[in-house]
Amino acid sequence: MGLEYVDNGGYAGVLDGARSAVTATGRAGVFGYLDGPVTFEDNSPLVAESHGYAGRPREGFTSLLDAPVGDGSAGARP
């Protein structure tokens, strides 16, 4: 698929409240209707609602959305 495994600098888990940005390629293509960052739902701090995986792109892979994972916590909660 073009992404590194999450144990190689990525993230897997809760994404509640995490923000991602549309890349220039994404905006020029399938996500042209988005005009800003995409924030994952967080309707209740008591329930984990959004789950996902964020991997670093491998050479030649074109990202459409980017989300910082830094220390491995993409979500608003640890």
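Bear in mind that the values here come from a model prediction, so they are computed numbers and not experimental data.
- Using modelled atom types, one side-chain atom of R27 and one backbone atom of L34 make a donor-acceptor pair closer than 3.5 Å.
- In this structure, the side chain of S20 does not engage the main chain of L65 through any donor-acceptor pair within 3.5 Å.
- D66 places no side-chain N or O within donor-acceptor distance of the main-chain N or O of A21, the cut-off being under 3.5 Å.
- Y53 has its side chain within reach of V6: a pair of non-hydrogen atoms, C-beta onward, lies under 4.5 Å apart.
- Between F40 and D16, every side-chain heavy-atom pair lies at or beyond the 4.5 Å cut-off.
- Other residues, nucleotides and ligands place more than 12 heavy atoms under 6.0 Å from the CG atom of N43.
- Between V14 and H51, the closest side-chain pair of non-hydrogen atoms falls below 4.5 Å.
- In this structure, D42 and E49 have side chains that are in contact, with non-hydrogen atoms separated by less than 4.5 Å.
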Problem set entry | side-chain contact (heavy atoms from CB on, under 4.5 Å) between L64 and V22, intermediate numbers included | CA-CA 6 Å; L64 302 178; V22 181; over 6 Å; no

